[in-house]
Amino acid sequence: MSVRFVLRAGERGYSYLPSVGPNASYVAGHPDGVITRHSSFNFHEYQSGIPGLGVMKVFGDETFTPGGTGYNMHPHHNFIIMAFVVGGALTHINTIGKVDELREDDYYVFSAGAGGKHSELNIGEQDLHVVYVWVVPGQLLAPPSYRRNRFDRAAGANRITCLVGDEQGALPIGQTFKVSRLLSDADCTHVYRPAKQNGVYAFALEGDVEIADAILTRRDSLALEGEDKVEIKVRTDGTDMLLVETKL
Amino acid sequence: MKKYLCLGCGFSYDEALGLPEHGIAPGTRWADIPDDWVCPDCGTPKSGFDMVEIPYWSEATS
């Protein structure tokens, strides 16, 4: 058993992006609009901290205030960008021609490939909470694509559900990479079985779990390597977790 | 000849291809691009690029 790192909620990178000032063209919204971003890895900070895990370079826990706050149209290439909506509603517009609205438990996989732009907005009346994951692709300049799916809360209760990866009902991205969700209100132990050479990043959206002798509470995370079995002991408050598996 | 990926937006630079539309000739080594050069798409500094060894989709599928 090998823990690569434990990252507490408060140790993550923090960006405060108001819609006025230097970000005015990048961040949409009325003058009080703001995006806050807690970054597990070095998003736009490149010099220190944790550079990512395997092909995952970004794990961003973001909040957009209501009333039109978000990212204006901006370009991407290559990265496979995923958004998991944790609360509120995300309006997504992209140059593949898609205008989409994603609500709690919806998620998308946008492969920017040869080039695309997108805009991410909260046009609702409550805060938008969304987790962004960026993955380095297996091939450069692939045709861009956009797909969406939904985590089924009833079917997914008290089990580990694969959202992204080569499993039935999930969105595959053509390489050794998975995102799963564990939503559990029961005081019991779940087992995740990664392929032995892969790394696992476990992020607690909510609740309280024990993994590899570490207790994770809200927005804590850890990374493991060299495991073929990860035991997740759900403690009294239950948990809502994202589990990322990546080749290292 | 190597390729580099912008960690800010995913823009890729290929030494073999250069960026003629941005004044960088084909064959220009990464080391020969000025340190104050930034990503033409998103403004991320040169230091925010990672070297990658990833084939092009067109190569992988042909």
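Note that this is a predicted model, so its numbers are computed, not measured. Note: hydrogens, waters and symmetry copies are ignored here, and every other heavy atom, side chains too, is used. Labels below follow one simple rule: chain letters A, B, ... track the order of the sequence lines, proteins then strands, and each chain is numbered from 1.
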Under 6.0 Å between ring centres: does that hold for A/Phe84 and A/Tyr107? yes

Applying a strict 4.5 Å limit to non-hydrogen atoms, the region of A/His74 in contact with chain B is neither

Side chain / backbone / both / neither for B/Asp14 at chain A, heavy atoms under 4.5 Å: neither

Tell me yes or no: between the side chains of A/Asn94 and A/His92, is some donor less than 3.5 Å from an acceptor? yes

Would you mind telling me which of A/Ala114, A/Pro75, A/Pro137 has the largest number of heavy-atom pairs within less than 4.5 Å of chain B? A/Pro75

Do A/Tyr201 and A/Ser40 have side-chain atoms, one donor and one acceptor, less than 3.5 Å apart? yes

Checking heavy atoms, do the side chain of A/Ala142, its backbone, both or neither come under 4.5 Å from chain B? both

Can B/Lys46 be said to sit on top of B/Trp30's aromatic six-ring, NZ or CZ under 6.0 Å from centre and within 45° of the ring axis? yes

